[in-house]
Amino acid sequence: MTMLTSGLPGIRTGDRAQKPRVRFRIAGTNKYLHLSGAGVTNGTQYAWSGTKAQARVLRDRASGQGEDWPFKAVKRIEVMG
């Protein structure tokens with residue numbers, strides 16, 4: 001006898017919900033923080049992307065070294081597409 005079930009079986013992957021990711025952009029421009037964490041890039045192809053906590057570390061590190069920080073954090077979803 002074959003038992004048919006409806007619906008999909010639950011799959012446990014162990015993945016936790018992803019934290020929202022942000023990018024750093026110079027306000028009013030298309031210049032983003034480079035994925036290396038230093039310098040700028042035009043557009044998002046080579047732009048840095050990370051969590052808000054990682055973004056704060058980069059900003060605080062630059063500030064602690066007396067570097068200018070012209071970037072503003074924007075949600076990744078705002079710059080997609």
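Note that the structure is a prediction, hence the values are computed from the model and not measured.
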Do you know which two heavy atoms are closest between [X] and [Y], and how far apart they sit?
X     : Y     : result
Ile26 : Val40 : CD1-CG1, 4.0 Å
Leu33 : Gly39 : CD1-O, 3.5 Å
Pro70 : Asp68 : CD-O, 3.5 Å

Please list all pairs passing the ring pair (Phe, Tyr, Trp, His ring centres under 6.0 Å) test where one or both residues lie in residues 33-57, with sequence neighbours left out.
-> Phe24-Trp48
Spacing of [X] atom [atom1] and [Y] atom [atom2] [to the nearest 0.5 Å]:
X     : Y     : atom1 : atom2 : value
Phe71 : Arg23 : CZ    : CZ    : 13.0 Å
Arg61 : Glu67 : CZ    : CD    : 10.0 Å
Lys31 : Asn42 : NZ    : CG    : 4.0 Å

Heavy atoms of other groups near Gln65 CD, more than 12 under 6.0 Å = yes
Any donor-acceptor pair under 3.5 Å linking the side chain of Thr44 with the backbone of Ala47?
-> no
Tell me whether Leu35 is reachable from Tyr32 by hopping between hydrophobic residues (I, L, V, M, F, W, Y) whose side-chain heavy atoms are closer than 4.5 Å.
-> no
Find out whether Leu58 and Trp69 are in side-chain contact, i.e. whether some heavy atom of one side chain is under 4.5 Å from a heavy atom of the other.
-> yes
